[in-house]
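These numbers were taken from a predicted model, which means no experiment stands behind them. To find a chain, count down the sequence lines: A is the first, B the second, and so on, and within it residues start at 1. Note: hydrogens, waters and symmetry copies are ignored here, and every other heavy atom, side chains too, is used.
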There are 2 protein chains.
Amino acid sequence: VDEKDEGFIKETLEGVNPADISALLHEFDTEDSKYVIDLLPSETRAEIINDLDEDIRERFLKVFQPNEITEIVNHLDSDDAVDILNELPIKEREEVIASLDNEEKEANILDLLRYEEDVAGGLMAKELIKANVNWSVVQCIEEIRRQAENVQKLYSVYVVDDNDRLLGRVSLKRIILAGDKTQIADIYEPELISVETYMSEEEVAQVMRKYDLEAVPVVNMQGKLLGRITIDDVVDVITEQAEEERQIMSGISGDVEEDDSVWMLTKARLPWLVIGVVGGFISAMLIGVFEDELLRITAIAFFIPLIQATGGNVGIQSSSIVVQSLANPSAFSDSLAKRLVKVFMVAALNGAVLAVLVYGGNVISGGSQNLAVVVSIALFGVVLIASFMGTITPLILNKFGFNPALASGPFITTTNDLLGLAIYFYTVHLML
Amino acid sequence: VDEKDEGFIKETLEGVNPADISALLHEFDTEDSKYVIDLLPSETRAEIINDLDEDIRERFLKVFQPNEITEIVNHLDSDDAVDILNELPIKEREEVIASLDNEEKEANILDLLRYEEDVAGGLMAKELIKANVNWSVVQCIEEIRRQAENVQKLYSVYVVDDNDRLLGRVSLKRIILAGDKTQIADIYEPELISVETYMSEEEVAQVMRKYDLEAVPVVNMQGKLLGRITIDDVVDVITEQAEEERQIMSGISGDVEEDDSVWMLTKARLPWLVIGVVGGFISAMLIGVFEDELLRITAIAFFIPLIQATGGNVGIQSSSIVVQSLANPSAFSDSLAKRLVKVFMVAALNGAVLAVLVYGGNVISGGSQNLAVVVSIALFGVVLIASFMGTITPLILNKFGFNPALASGPFITTTNDLLGLAIYFYTVHLML
C-alpha cells in the first residue's frame, strides 16, 4: 500500500471475499483503507463498508464525500443503507437521500428511518418479492425477474391479497415444480408466522429460533406486509445480546471493546467499581460495630475472606441459573414456592458439605474449637441466604422490567458480601 | 386430556405449529404427552419429538416402541434422525436402523453416526440437491423434483464434477430466471465457501456468521461434497455456546438447568465453591501471619472486604474484555506490549479515582490518617495487579488450549482475592 502499487492491489484482491477484505482493513488506518477501497469495484466496496464494525465505520465514513456514500447506499439493501445513514451527520444524511436517483429506494429508506434500531421495524429490509394471491405462477416468475436485482437473498415469495395484507408464502421450490398455468392460490401455504413492526429484536430472535425460520415477514397492525427480516441479521442480534450479557455480568457498563480509548474503557468500568468500594465501606463500618469482639478474639478476622468469597460465589451461581431459565421460558414449569423449596434443598446440601469441610480444615490446622464451630455455622447460614438472595433478585428485577442479568454481576456480589459479613459477625456475637 | 376427549384434542391441535405443541408438552408428564402425540399425524409427531430438549426427549423416548421410533426417524432429516438415534440404548438403535425401509436414508444415517456430535460432520444433513456441472437447467429441475420430498429447506443447488467434487452453487433464483436450455456450467457461481467434516462447530458458526450464509456445504479432504449445514442448527450452536460461557463465568460446571435434580445441581456447583473455600482458607492463614499487626491496629481488619471486592471486580472486568476480543479476533490489532501498556493506563486511572475516593471517605468518617493513606496506596496497587492478572490469565489459558472464559469466573476472583490481601497486609506491614 505504501508504494501505491495499484495493479498489484487490484489483482490480489480480485475474487477475494468482501468479508475477508474487511477483516484485513481493520488493521489499516483510515486513509490507507480508503485508498484500497477506492480501487475496488463499487459493489464490493459497498459490501465491505456494510461489514465494518459500527464505530470503525462511523470514523471511516468521515473521509467519504456524500456522492461516494450515495453510490454505496445504492448498492445496499434498504435495512443496511438505513444503518449507514443513521451514522451520518444530519446534513450529510439529507444530502445523500436527496441524491438517490432510484425513487423506490428513496421511499423505502425514508420509511425505514422512522423505526428505532432495536425493533422489528428497524431490522427489516423492504426488499422482498410478493405475489398477489390471484396471480398465476407465470406472473409470479415475471415479478421475480423484475425484482431479482434488488432482492439479494430469496427464500420464498410472500402472498398478499389486493390490500397488500399478508396471506401466506410459497417457496421457490414449489414455484419451480409447479406448471406455468398453476394459480398461486392453489400452491401457497396459508399458515405463516410473521412479526409486527413494534416487536423488540429479542422477541424477533426468539420467534425465529423457535420456529427455525430463515426469514420472517414483518406486518403492521392491519396485517399489511411491510418488509422481511433475514436470519443473518438475527444471528447478529443473538451474538450482540450474548456479548452484552457477558459485559453486564462482569460489571462493565456500555458496549466497549479492547480497542476503545483508555477514557472510554475507564468510564465503562468505574461505575461498578465505585459501587464495590461503597459496599466495602459499609463492610468496614459493619466490622467496626463488632470491634470489641475483634479485640477479644483477633482470629475472627481470619475468616472474613472465606465467608465473603463463599457468599459471593453462591449468589452468582444461584442467580445465573435463574437468569438462564428466565431467558428460556420452556423450563418454567414449577411454581415459585416449588422452586424456592428446591433452591433451599440444593443450598442446604452445598452448605452442609462446605461447613463440614471448613470444620475439618480448622481442626487439622489446630485453631480454636469454638471458633471452628461458629465459622461453620455461619458459613451454612451464608450459603442459605445467598442462595435465596441470588434466586429472588433476578426474579424481582425481571418483574419490574429490568434485565435480570444485572443480578449476575457485581451487584449480587456486593450485596452478598455485606449480608455474609453481617451473618458471620452476628453469629460470632451470639456464640462467642 | 384426563377425559381422553380424542376429538377435542385433535380438533384443537390441528393447524397449530409443532413448535407450539412441543412447548405445551413440556408441562405434561410423559404418559399424557404420549397419549396426545399419538393422536397427531405422524409428520407433526416427528417434528415435535425433534424439537424437544435433549434430556426430556431421552426420557420421553423410553415409552416408545422401536417401530414407532422408526416411523419418526423416517420423517426426519438425516442429521436430526441421528441425534435421536444417539439417545437410544444401543440395542434399540440397531433395531430401528435395521427396520428402515428407505435404503438411501439408512446409508445416510450409518454414515453420519461416525462423526462426533460437535464437529461439522456431526452437524450436517445428507439431504441436499446437487447437480452435475454438465447438466442443463431442465435436468437440474428434474433432479429437484426427484429430491423435493427429502429436502425440506432448499436454498441453492450445489454443483459438482463427475467425481462428486464440489465446484460451486447455483441459486434457485437463477434457475427460475434461466431458460430451459441453459447449461448449469454457464450460470453457476464458482466462488463458494465450504467447511470440512472435522471442523469444530464453533468454527462452522464463525464461518457462517462472517459470510452471512444461510447454508454451508460440507466436504471431505478431497473436496467431495458430503452434506450441508443449515443456519438453524448453527443458531442453536451459538446459543448453546453463549449459555455455556455464562455458566463457566458464574462458576457452574456442566450443563445444568433449573429443572435438573437437586443432586445434579449440587454436583455442578460444589467444585467451584470448594475452590473458593480453599482460597478462603489460604487467606485465613495469610492474615494469621500478620496477627501481630492486627493486634496492634484492629482497624486494619475493617478494610479487608473493600480491598478484596475491588480486586475481584477489577480482575473480572479485565479478563472479560480480553475474553471478548479473543472471541472476536478482528479487534486483535495491537501487540501484547501495546495492550499491556493500555491495560496499565486504564488501571492507573481507575485506581487513582478509587484511591482518592476511599481516602476522602476515610477522612470524612474520621478514622486514622495514617491508615487512610495506607489503604488508598494498597487499593491502587491492587487495581494495578488485578488488571494485569485479569488480562494475562485468559491469554495464558488460551495459549495452552483451555477455554479463556474460565478466567472470568470464580478462578480469577479467588486468585485476586488472595493477591489483594497479600498486597494490603504487606503495605500495612511496611508503612504502619
Seminar exercise, completed: Looking only at heavy atoms, the pair that brings A:Ser283 and A:Leu421 closest together is CB-CD2, 3.5 Å
Seminar exercise, completed: dist A:Glu47:CD -> B:Asp212:CG (nearest 0.5 Å) comes out at 9.0 Å
Problem set entry | Largest heavy-atom contact set with chain A, pairs under 4.5 Å, which of B:Leu213, B:Thr230, B:Ile231, B:Thr310 | B:Ile231
For this session: Side-chain contact test, heavy atoms from C-beta onward, threshold under 4.5 Å: evaluate it for A:Arg339 versus A:Val322 and give yes or no.
Result: yes
For this session: Considering only heavy atoms and a distance below 4.5 Å, find which of A:Asp233, A:Leu354, A:Ile141 pairs most often with chain B.
Result: A:Leu354
Problem set entry | When A:Thr239, A:Leu294, A:Val274 are compared by non-hydrogen pairs under 4.5 Å with chain B, the top option | A:Thr239
Seminar exercise, completed: Ranked by heavy-atom pairs below 4.5 Å to chain A, first place among B:Ser320, B:Ala268, B:Ala309, B:Gly276 goes to B:Ser320
Exercise. So which heavy atom on A:Phe281 is nearest to which on B:Val358, and how close?
Worked result: CZ-O, 3.6 Å
Problem set entry | Full working for side-chain contact (heavy atoms from CB on, under 4.5 Å) between A:Val323 and A:Met249 | CA-CA 11 Å; A:Val323 169; A:Met249 279 177 71; over 6 Å; no
For this session: Against chain A, work out which of B:Tyr211, B:Phe302, B:Phe290 has the most heavy-atom pairs shorter than 4.5 Å and name it.
Result: B:Phe302
Problem set entry | Distance, nearest 0.5 Å, that separates CD1 of A:Ile275 from CG of B:Asn313 | 9.5 Å
Problem set entry | Engaged part of B:Asp417 at the chain A interface, taking heavy atoms whose separation is under 4.5 Å | side chain
Problem set entry | Interchain contact, B:Leu270 with chain A, by part (heavy-atom threshold 4.5 Å) | both
Exercise. Who among A:Lys210, A:Met285, A:Arg269 has the most heavy-atom pairs with chain B under 4.5 Å?
Worked result: A:Arg269
Seminar exercise, completed: If one checks every heavy atom of B:Ile129 against chain A at 4.5 Å, the contacting part turns out to be neither
Problem set entry | Contact winner vs chain A - B:Met345, B:Glu214, B:Gln308, B:Arg246, heavy-atom pairs under 4.5 Å | B:Arg246
Seminar exercise, completed: Note: B:Arg145 and A:Leu177 closest approach over all heavy atoms is NH2-O, 3.3 Å
Problem set entry | Nearest heavy atoms of B:Ala301 and B:Pro305, plus distance in Å | O-CD, 3.9 Å
Exercise. Do you know which of A:Glu245, A:Arg174, A:Met208 has the most heavy-atom pairs under 4.5 Å to chain B?
Worked result: A:Glu245
For this session: Specify which of A:Gly251, A:Ala242, A:Ala205, A:Ser156 makes the most heavy-atom pairs with chain B at under 4.5 Å.
Result: A:Gly251
For this session: Measure B:Ile282 against the heavy atoms of chain A and call it side chain, backbone, both or neither at under 4.5 Å.
Result: neither
Problem set entry | Which of A:Val235, A:Ile176, A:Leu265, A:Ile304 touches chain B most, by non-hydrogen pairs under 4.5 Å | A:Ile176
Problem set entry | Within-4.5 Å side-chain heavy-atom neighbours: A:Phe303 and B:Ile287 | no
Problem set entry | Which portion of A:Ile193 sits near chain B, non-hydrogen atoms under 4.5 angstrom | side chain
Exercise. Of all of B:Leu295, B:Thr266, B:Val278, which one pairs up most often with chain A through heavy atoms under 4.5 Å apart?
Worked result: B:Thr266
Exercise. Can you say whether A:Ser387 sits under 4.5 Å from chain B via the side chain, the backbone, both, or neither, judging by heavy atoms?
Worked result: side chain
Problem set entry | Interface moiety of A:Gln317 toward chain B, non-hydrogen atoms closer than 4.5 Å | both
Exercise. Considering only heavy atoms, which portion of B:Ile175 lies under 4.5 Å from any heavy atom of chain A: side chain, backbone, both, or neither?
Worked result: side chain
Exercise. At what distance, to the nearest 0.5 angstrom, does CD1 of A:Ile321 lie from OG of B:Ser250?
Worked result: 7.5 Å
For this session: Count the heavy-atom pairs under 4.5 Å between each of B:Thr413, B:Asp236, B:Asn362 and chain A, then report the option with the highest count.
Result: B:Asn362
Problem set entry | With B:Leu273, the side chain to side chain contact (heavy atoms under 4.5 Å, CB included) member among A:Val314, A:Val353, A:Val383 | A:Val314
Problem set entry | Portion of A:Ser319 that has a non-hydrogen atom of chain B nearer than 4.5 angstrom | neither
